[in-house]
Each structure stands twice: as structure tokens, then as C-alpha cells.
A.B. asks: 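Starting off with a structure, shown below.
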Amino acid sequence: MSKNYDRIENTTVWSPGPGCHGGCGVRVFLKDMPDGQPAKVVKIEADPCHPWNQGRTCSRLLAYTRYLYHPDRLLYPLKRVGERGEGKFERITWDEALDTVESKFKQFREESGAESVIFVQGTGRDINAPLTFLTYAYGSPNLSQLGLSGQSCYTPRITGACMVDGTLTVADCSQFFEKRYEDPRWEVPKYIVVWATNPGVGCPDGFQGHWVVDCMQRGSKLIVIDPRATWFSSRAEHFLQCRPGSDGALALGMLHLIIENEWYDSEFVEKWTQGLPELRERCKEYTPEEVERLTWVPKEVLYEATKAYAANRPSAIHWGMPIDMNPEATTVAQAIAMLWCLTGNFDVPGGNIASRGAFGIAMWPINQSQVLETYGAEFLEKINSKRIGAKEFPYIANTRLYIQPDLAVEQMLTGDPYKIRGTYIQTSNLLGGNAADLNKHYHALRNMEFNVVVDLFHNPTTMAIADIILPAACFTERNSIRVWHTPAQVIRKLHEPLGEARNDWEIDFELALRFDPKLREKYSKLEDFFDEKLKPSGHTFESLKAIGGWVFEKEGVSVPYRRYESGLLRPDGKPGFATPSGKVEFYSLNHEAWGLDPLPFYREPPESENVTPELMKKYPLVMVTGRRSPVYFHSEHRNIDWLREVDPFPIVEINPKIAKDRGLKDGDWCIIENDRGKFTRKVKYNISMNAKCVSVPHGWWPPEEKGEAPHYYGAWKYNCNKLVLSQVGSSSGYGGGAYKTVPVNVRRAEPGELDAFDEEVRELENA
Amino acid sequence: MRYGLAIDIEYCTGCNSCNIACKQEHGYDAGTFGMKVTELIYPGVAEKVQIDFLPFATTRCNLCAERVSGGEDTLPSCVRHCQGKCMAYGDENALFEAAKKMKRPVMYLK
């Protein structure tokens, strides 16, 4: 490239643009423009000095200029002027947009209580903090990833594992040290268990997937657990190709082997844990033979893999979202957390380490005690009494603060026990993305009096249900901070936003101050809030910017290891774990108090060969949705041409053995169906799929198709979630979204069938 | 002396960062490639399903001559951004030394 830039600025990436959970350091090449126009981003590169990504980055970030300057970006606030679904919107000013949102929501609050509005986010990223700030300023208890059945993304893993060891843990790839792999305190994990994830294609949960590859290059061996063969499984010493939804049985089978063979760390278990005798009894039900029946994993493979993990310390487990989509996912997470505790791999170099935000900073109150601290007892009691699902489910009453989304969608339709009147949806295209039982969510959202959607592009959700659309800014257009996990770092605004796009944070901050004017006494501008949060780091937003944008804690709560010895894991500063007993709990005292089974157990998926054998005769294949693509983040990026050509079609990956039986050729458009509906995909022969399963990537709504009804960008034509149940799949309230265990049949399309999907939408609209 | 790239196929994850970094560096439109990544799924040894990716330097690849000679960076944009850190750039002697340390090297010389 010829030198067509004037300056290079550093910042950190989080969300709009690449869309992901990552925290890459980047160098942004800017060209200054005449006449007060915003400087132009001409190129973006990874920052070689940043410890998080160490000079590399993903395709989505490298395609950033195609995203930022995409001609279809939403740049001005819009209000709907036609009927919902007609796709008729009119540009309005920010004043009019925010005034409208303010007056509508205040009216709902006065007439029906703040609980009558549900605040909706998509996956985590840089939205949890602003949206929580707004939700509680408004006073609603209903914060949610609406559409995501069972809140089945990380929340079940976090909350379930907390019952065991009191904290969130992550595989140790040296990410908590500035010098990374060179830091002498770190050790290479001997084995990494890659469980239900394909980390090379994304950065889930604040973890850069390629750190696993870095460890492989430094000697880590792999144990891969997945129904689908992956790049990692083909490099693994042990590959456990399990039945979808059976991870719980697998974990219990591993625990059984470790306990009976005494492969555990007896010194750690003796000193720091309770409940092993009870766990041993429970695990006796999960013999290798029984586990083989339930998981399809040969018992010899299970034995060797378990022994390799348990007998070689340190070893780490890196786990993925499908864990959350198991039935009773929180107890599956419990069982897996017990693996790293039993084997003495908790918070040791190269094991699974306790993850704290940099300097212990919590950007938003994530649990009951933090809400108490920030908002006081009266507020906590108020939101606990109204939060959807809190009465029915102990985790929703006592742990994280999300609602039970499957109950919420019912309530939006029935008004029982109270009426829901509006939604505020930000970073979520639920109708084109995560909503299980698409039709139900469509009707529920259409049943609302008023829906606000904040996004960067039109999508099925804006088209079908938005009344006001607010345009969000990309990451080079905005200020924010990131403390998840470390370092503490700033995201800097490097140029004025295009059009009138606005930082998600600015939008939510402004609305929050309108809903709760007392906040104005505390914060005159957004950066005051950032400064307050950054205090433990000794920095302000500006001073952190001035030193290069990021800082690691030298010693303290976010620095590993063995913090259970030093007292850094408990709020009272005493050694031990943040559990009721202060120990690792193989027998959960919280569960006992809440009326849940204190020990981990296995439950079958709602529909499976073992519980609904008749159904499986009709629909003999298990559809596993949601495998990731390196060029997309969930339902985003199909409109970015550089990326789209890498992964151009909505496909189904199917083993040629079963495709040929069905008369399906590679490249055919087929029909995938069950009693709940059907959709179409392009057949891709792929031997990596078990011959009893098919893999269907989610989030497909080709943006080149028409947006207005009845098309909705093909959301009803290609969306696999039409076939997914919306049901409560866990007695804790979190987890169990059955996205990975859907019985289906795959067949050839009848003549004309592919053109008939619009009819479905027409029928919906008339219903 | 010829220059080129050495790539350890063992650690190429198919992330396509090389493809897109190249497009950005050279301003290519979709459909034009300096690096094209091919997915290979095949039965490997012991019936193991093997999944590999092969990044292919096309005839358009000039090893980022302007970027490297102009002092903007010491590395071509694909090598800089390779997420698997499995690409090396250099002269033929240096590349051969690098390739000897790789598990499954392929080499492109210009």
C-alpha cells in the first residue's frame, strides 16, 4: 500500500466492527480530511506490542473498513412510518428519537411499573455495562438475552461453576501476565481439554482462541470433546466424539474414573474441599459402560483421555457454549468445574485460573451482592420481587441478574403475571439470530406497544418489529473501557462518527440520566463514569489513554496463582473459596438450601433416542446448530463482501453416507424439517459430522434478499431456530436451550417448495 | 537470492486473516486474492478425520514489496497477522532454516 495515511493511532477493539468478545490491540491508519469531515480510516492492523493478541488479528477486524464504510450502515435515527413489517422508516433527529423513547417508557413506568419494559442484549461484548446501567436507572428488573432459550450462553457455566469453586475460571494461557508466555510464573499446560468449542474460529468469552494454538506450539497436547471433528480434533491425542447433549454424562463418567482410580490430588482435596464421599456415591451410577451408552464414546477412549488429563499436571480445560445448551446445564458446569478442582488444577500455573476483572474492577453489577453495594437493599428487593423467573427458579433469584427468557416470551404473549408493554433491544438481532421458536418470538414482539432497536444495519428484527431505530457507532468512533479479563484498557474515539451514529454507551448513558435525573449529580459526562470505574487502577480514562491505552495489575486480585491461600478469592479476605463452606463444594450447600440436587447429575435432552424413540424414528438425525465460522460473528457480517466469499452459503454439513441415502448431492438445496417447521439449506458433504448428526450454522439471513415483509431477508427461509424448542431446560432456571439436540429429517426439496417460504410469513402476519 | 514464505501447515487454522490482510494491503476487491485458503477434509491415518488448510500464495503475491521496502513493517501483511503464527518470511536460506523447525512446512519462493 502506498502511504496514503497521515497518522497511526492505537486503540483496543471491542464489538461494533469485528463484533466479537476479543480485546485486540490495533493500529489504526488515519487520513485527515478537509472541511471538517471526519478523518478516514484507510487501514487497520494488529498492534505487535499488545499482549492480548501479540500482533495478529482476525479476518473480521482486517475487513473493518468494509464494515465502517458499508453503504447500508444505519447513520441516522429512524421512526417507523408504515405498518410494522412494511419497511417504511423516516429519518428523525436524535432529540425526537430520545424524547419519544423517554416519554413512551416513562408512560409505561407510571401506568404499569418499570417491569413492563424488558431490556434486551445479544451476546456479552461491550454492552453488559451500558445496558445494565440503563435498565437499573429506569428501574426495570428485566434484563435479558431474550430469545436465547435458557439464557444459554456462559451464564449457566459461570453460575454453575461458582457453586463449586466460587468463581469464574478460564484456561491459563498466560493471559494475565504482560510478558505472556515469557513470564517465568507461567507453565505450559501438559494437556488442554478442548470441550465443546472450536477455538480457532473465534474469541469466545474474552478468550482468544489462538492462545490454544500458542500452547500447542509450546508442547500442550489436546483432548477434544465434540460431536464434530474439528481442526483441533485432528491434532488431538484423544478425541471423544460424543452424542450432542451428553456432556453431563461424560463429565460424571470422568469424575467416576478419577475418584475410583484415585487419580485426584489428595493433598488439595483433603485441605480445600468438602463432599467427596457424597460425590463418589453419586458417580457410581456413571460406570464406563453406562457412559458409553449415553455418550457414544467408547469406554476405552474415555479411560485413556481421563487418565491423561488427571495424571498430567498442570492441565487445563477450555470449554464452550454447547455446555450451556445441555439440559440442566448448570449442573453440567458444576461437574466440569469439579474436574479441575479434584485434579488440583485450580488457580495453578497452566491449569484453570480464577478470572477477576483487571484490578478487581466490576464494570457493572453482575450479582446480588454487587447490586446491593451499588443500588442498596430496597432496590435489590424490588427487582428480585419482580424479575421474571425469580419466583420459580433459585438461580434467577440468587445468582446472576438475568431473567428466564423462555418464561419472558410467554409472558409477553399472555400478560401473566403482569403485562409487558415494550422492549429496548441493543446488540441483538434476535429474529435473525438466537430466538428459539422464531414464530413465538415474532408474535411476542409484535404484541408489544413499542419496541426500540439499536443497531448498525437493518436486519430481520428492525424490519419486523422496530418502532424507533437508533444507529450505533463502530469501535473507532467511540470511547469505552474494557476490564475483561485483563488488562484494563481503553477504547478510544479516533474520528467523528459517520452521519449521526452514536456510541452505545452514550445512547444508554443519556437515556439513563433522563430516567434517573439524580445520576446527573454524580456524572456530568460519560468519562466521569469511566474514571470512577478505573479508580482501583490508579488511572483516569485520559491518563490510561496517555500511557498507551492499557495496564496490567502488578499484584492483587487479578494476578494468579493460588489465591485461595492468600484470601483474594473471598470478599472477607480469608483464605478459601467464595462458597458457603469456604471450601470447594463437591456437595453444594447453596443447592441444598435452594431445594436443588446438591450433587451433579445427568439429564437427557428433551427429545432424544433415549426419551422419545418414536419421534427419532420419524426424525432420525440430530441437528446441531451454531457451529462457528471464522469470518462471521453470529448473525453479522454476511454483508461484508471480503468475508462472505469465504463462507458464501447457508449450508448444512452432512456426512455423505446419509446424504446419498436421501438422494442429496453436494450443493443441492435441501429441506430440513420436524413437526415445528422447515427451512432450507445448501448441502455440504462433510465427513467431519457423525453420521447420526447434521451441523447447521446459525444466524443466516442473507442481507441481499428483500427486507420488508414477507421476506425479512430470508429469516423464515434459512433460520434453523424455527425447529428449536423454547422451553425451560433446567431446574436452576439457567441453561438447557435445546439448540444442539434437535431431531430432524433432511430431504430433497419438492418443486416450488423453496419459493413458498414467503407464504409462511404471510400467514403469520394474518394470524 | 530469492525471497518467499514458509508456512507450517500443522498450525494453519484456516482463519483467513492472511487472505483479508492481503486484500486490505493491496486494496483488492472481493474475488481477487493474493492469498487464498483452501479447506481440506479427508480421511487421515488411523481413520482419523483430518482437517487442514492450505494458504496459497497466488501469482499476485509480491511479498508486500512496497510495505517491506518502504519501512512500514518488516513483514508482509499476511505474515504479520497470521493467527496461528505459522508463517515465516525471508530469503531462501533463512526460510529453509525456518522450515526445518516446522512440522509440515510448505514453501513459496518468488
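Letters A, B, ... are given to chains in the order of the sequence lines, protein chains preceding strands, and every chain is numbered from 1. Note that this is a predicted model, so its numbers are computed, not measured.
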A.B. asks: Tell me, yes or no, whether the heavy-atom count around A:K179 atom NZ, taken from other residues, nucleotides or ligands under 6.0 Å, exceeds 12.
C.D. replies: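 Open.
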
A.B. asks: Assess whether atom NZ of A:K657 is packed by more than 12 heavy atoms of other residues, nucleotides or ligands within 6.0 Å.
C.D. replies: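 Counting neighbours around NZ of A:K657, 12 or fewer heavy atoms of other residues, nucleotides or ligands fall under 6.0 Å, so no.
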
A.B. asks: Between B:G31, B:C64, B:A65, which residue shows the highest count of heavy-atom pairs closer than 4.5 Å to chain A?
C.D. replies: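 It is B:G31.
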
A.B. asks: If you count heavy atoms of other groups shown closer than 6.0 angstrom to NZ of B:K36, is the number above 12?
C.D. replies: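 Not buried by this count: 12 neighbours or fewer within 6.0 Å.
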
A.B. asks: When only pairs under 4.5 Å are counted, which of A:I640, A:V213, A:V646, A:I687 shares the most heavy-atom pairs with chain B?
C.D. replies: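 Looking at each option in turn, the highest pair count goes to A:I687.
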
A.B. asks: At a heavy-atom distance under 4.5 Å, which candidate from A:E645, A:R60, A:Q54 has the highest pair count against chain B?
C.D. replies: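 Option with the top pair count is A:E645.
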
A.B. asks: State, with a plain yes or no, whether a side-chain heavy atom of A:W642 is found less than 4.5 Å away from one of B:Q24.
C.D. replies: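 Result yes, sub-4.5 Å side-chain heavy-atom pair found.
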
A.B. asks: Report the C-alpha distance between A:Q217 and B:K103 in whole Å, list the side-chain angles of each, state the deciding distance to 0.1 Å, and finish with yes or no for side-chain contact (heavy atoms from CB on, under 4.5 Å).
C.D. replies: CA-CA 10 Å; A:Q217 289 166 350; B:K103 279 194 171 174; over 6 Å; no

A.B. asks: Select all residues of residues 230-242 of chain A having any heavy atom within less than 4.5 Å of some heavy atom of chain B, and report them by number, or 'none'.
C.D. replies: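 A:T230, A:W231, A:S233, A:S234, A:R235, A:A236, listed by number.
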
A.B. asks: For B:Y42, is it the side chain, the backbone, both, or neither that has a heavy atom closer than 4.5 Å to a heavy atom of chain A?
C.D. replies: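 Backbone only.
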
A.B. asks: Side chain from CB out, backbone as N, CA, C, O: work out which of these in B:D29 comes under 4.5 Å of a heavy atom of chain A, or both, or neither.
C.D. replies: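 Backbone plus side chain of B:D29, per the 4.5 Å heavy-atom cut-off to chain A.
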
A.B. asks: Please rank B:A30, B:C18, B:P43 by heavy-atom pairs under 4.5 Å with chain A and give me the top one.
C.D. replies: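 Option with the top pair count is B:A30.
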
A.B. asks: Against chain A, label B:K85 side chain, backbone, both or neither, depending on which of its atoms sit under 4.5 Å from a heavy atom there.
C.D. replies: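 Both parts, heavy atoms under 4.5 Å.
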
A.B. asks: Take atom CD in A:E182; do more than 12 heavy atoms of anything else shown fall under 6.0 Å from it?
C.D. replies: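 12 or below, so no.
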
A.B. asks: Check whether any side-chain heavy atom of A:H210 lies under 4.5 Å from a side-chain heavy atom of B:C15, and answer yes or no.
C.D. replies: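 The answer is yes, as the side chains (C-beta and beyond) meet within the 4.5 Å cut-off.
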
A.B. asks: Measuring from atom CD of B:E72 to atom CD of A:E45, what distance do you get when rounded to the nearest 0.5 angstrom?
C.D. replies: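 One gets 6.0 Å once the value is rounded to the nearest 0.5 Å.
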
A.B. asks: Nearest 0.5 Å, what's the CD-CG distance between B:E39 and A:D647?
C.D. replies: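 B:E39 CD to A:D647 CG: 9.0 Å, rounded to 0.5 Å.
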
A.B. asks: Run the side-chain contact (heavy atoms from CB on, under 4.5 Å) check on B:S17 and A:L62 step by step: do they pass?
C.D. replies: CA-CA 7 Å; B:S17 285; A:L62 292 162; 3.9 Å; yes

A.B. asks: Look up atom CG in A:N686 and atom CD1 in B:I51, then write down how far apart they are to the nearest 0.5 Å.
C.D. replies: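 The CD1 atom of B:I51 is 6.5 Å from CG of A:N686, to the nearest 0.5 Å.
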
A.B. asks: Against chain A, label B:C12 side chain, backbone, both or neither, depending on which of its atoms sit under 4.5 Å from a heavy atom there.
C.D. replies: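 For B:C12, backbone heavy atoms alone lie under 4.5 Å from chain A.
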
A.B. asks: What option among B:R80, B:Q50, B:Q83 has the most heavy-atom pairs under 4.5 Å with chain A?
C.D. replies: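 Most pairs with chain A among the choices: B:Q83.
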
A.B. asks: Run the numbers on A:M216 and B:E10 for side-chain contact (heavy atoms from CB on, under 4.5 Å), then give the verdict.
C.D. replies: CA-CA 10 Å; A:M216 289 162 68; B:E10 179 66 8; 5.5 Å; no

A.B. asks: If you count every heavy atom of other residues, nucleotides or ligands that lies below 6.0 Å from A:Y69 atom OH, does the total exceed 12?
C.D. replies: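 Result for OH/A:Y69: enclosed.
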
A.B. asks: More than 12 heavy atoms of other residues, nucleotides or ligands under 6.0 Å from OH of B:Y3: is that the case?
C.D. replies: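 No - once you tally the heavy atoms of other residues, nucleotides and ligands closer than 6.0 Å, there are 12 at most.
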
A.B. asks: Quick check on A:I44 against chain B: is it the side chain, the backbone, both or neither that has a heavy atom closer than 4.5 Å?
C.D. replies: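 For A:I44, backbone and side chain are both near chain B.
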
A.B. asks: Less than 4.5 Å to any heavy atom of chain B: does that hold for the side chain of A:R66, its backbone, both, or neither?
C.D. replies: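 Contact with chain B is through the side chain of A:R66 alone.
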
